*Asks:* 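I'd like to ask some things about the structure below.
The structure presented is a predicted model; accordingly, all values stated were derived computationally and were not measured.
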Amino acid sequence: GAVVSQHPSWVICKSGTSVKIECRSLDFQATTMFWYRQFPKQSLMLMATSNEGSKATYEQGVEKDKFLINHASLTLSTLTVTSAHPEDSSFYICSALGPGYNEQFFGPGTRLTVL
Amino acid sequence: DAKTTQPPSMDCAEGRAANLPCNHSTISGNEYVYWYRQIHSQGPQYIIHGLKNNETNEMASLIITEDRKSSTLILPHATLRDTAVYYCIVPSGAGSYQLTFGKGTKLSVIP
């Protein structure tokens with residue numbers, strides 16, 4: 001199956017700083033990537049959908065100026081959490097949908113802790 | 001997405017078949033049923049999907065009822081590594097790839 005990686009796997013940062021998370025499709029080109037967030041003991045919540053070369057579509061309640069998404073190539077999407085606060089601490093997971101695939105392939109997730 | 005209903009938890013003895021049910025009574029004729037699982041602190045893993053016919057791959061079998069209002073995911077010989085939360089998802093509309101994760105079924109495989 002297709003492989004999606006995320007970097008870093010975990011990050012700890014101070015409140016007010018920005019953190020960038022990378023999502024890469026390693027062996028296929030991803031026309032569409034998705035970003036999810038998962039709080040402890042809860043299910044995944046879709047944050048945004050990004051298509052290569054165009055602006056991301058954010059879900060209701062997700063601040064686009066706080067969660068900056070860039071999908072500049074067919075193998076890389078980045079999520080930047082700007083001015084992070086403790087309530088942004090969560091498990092962030094990306095997924096990728098390649099042309100010809102009928103399923104999403106998920107990355108291993110990034111654990112963000114904001115102190 | 002079409003609403004799906006799953007039991008919150010199930011136990012299964014190691015080596016036995018695990019049968020995970022899912023109700024999706026509002027599913028439309030062109031909507032697929034997808035199954036994913038999430039092992040603790042990992043990203044979800046695709047298992048299988050189907051439209052009408054039963055499907056089988058190296059991981060599992062998917063049995064869809066004739067009226068398509070429910071389905072069952074079967075892990076033929078459950079192992080301890082199959083302990084995870086299993087999600088049954090019906091993305092809305094043909095060609096829609098957005099997944100809405102519910103609470104899923106927490107499957108515990110018991111030694």
*Asks:* Determine whether the side chains of H71(A) and S50(A) contain a donor N or O and an acceptor N or O closer than 3.5 Å.
*Replies:* yes

*Asks:* Using the ring-ring contact (aromatic ring centres under 6.0 Å, His included) criterion, which residues pair with Y36(A)? Sequence neighbours excluded.
*Replies:* F106(A), F101(B)

*Asks:* Show every donor-acceptor pair shorter than 3.5 Å between a side-chain atom in residues 88-95 of chain A and any protein atom, with sequence neighbours excluded, or say none if there are none.
*Replies:*
residue : atom : partner : partner atom : Å
D88(A)  : OD2  : K66(A)  : NZ           : 2.9
D88(A)  : OD2  : H85(A)  : N            : 2.9
S89(A)  : OG   : P86(A)  : O            : 2.9
S89(A)  : OG   : V114(A) : N            : 2.8
S90(A)  : OG   : Q38(A)  : N            : 3.4
S90(A)  : OG   : Q38(A)  : O            : 2.9
Y92(A)  : OH   : D88(A)  : O            : 2.7
S95(A)  : OG   : Q104(A) : OE1          : 2.6

*Asks:* Residues in side-chain contact (heavy atoms from CB on, under 4.5 Å) with P108(A), at least two apart?
*Replies:* Q6(A)

*Asks:* Does any heavy atom of chain A fall under 4.5 Å from the side chain of Y36(B), the backbone, both, or neither of them?
*Replies:* side chain

*Asks:* Inspect the contact between R68(B) and E66(B) and indicate whether a charged nitrogen and a carboxylate oxygen are less than 4.0 angstrom apart.
*Replies:* no

*Asks:* Output the residues of residues 40-56 of chain B for which the shortest heavy-atom distance to chain A is under 4.5 Å, in residue-number order; output 'none' if no such residue exists.
*Replies:* S41(B), Q42(B), G43(B), P44(B), Y46(B), H49(B)

*Asks:* Between H24(B) and S71(B), is any side-chain donor less than 3.5 angstrom from a side-chain acceptor?
*Replies:* yes

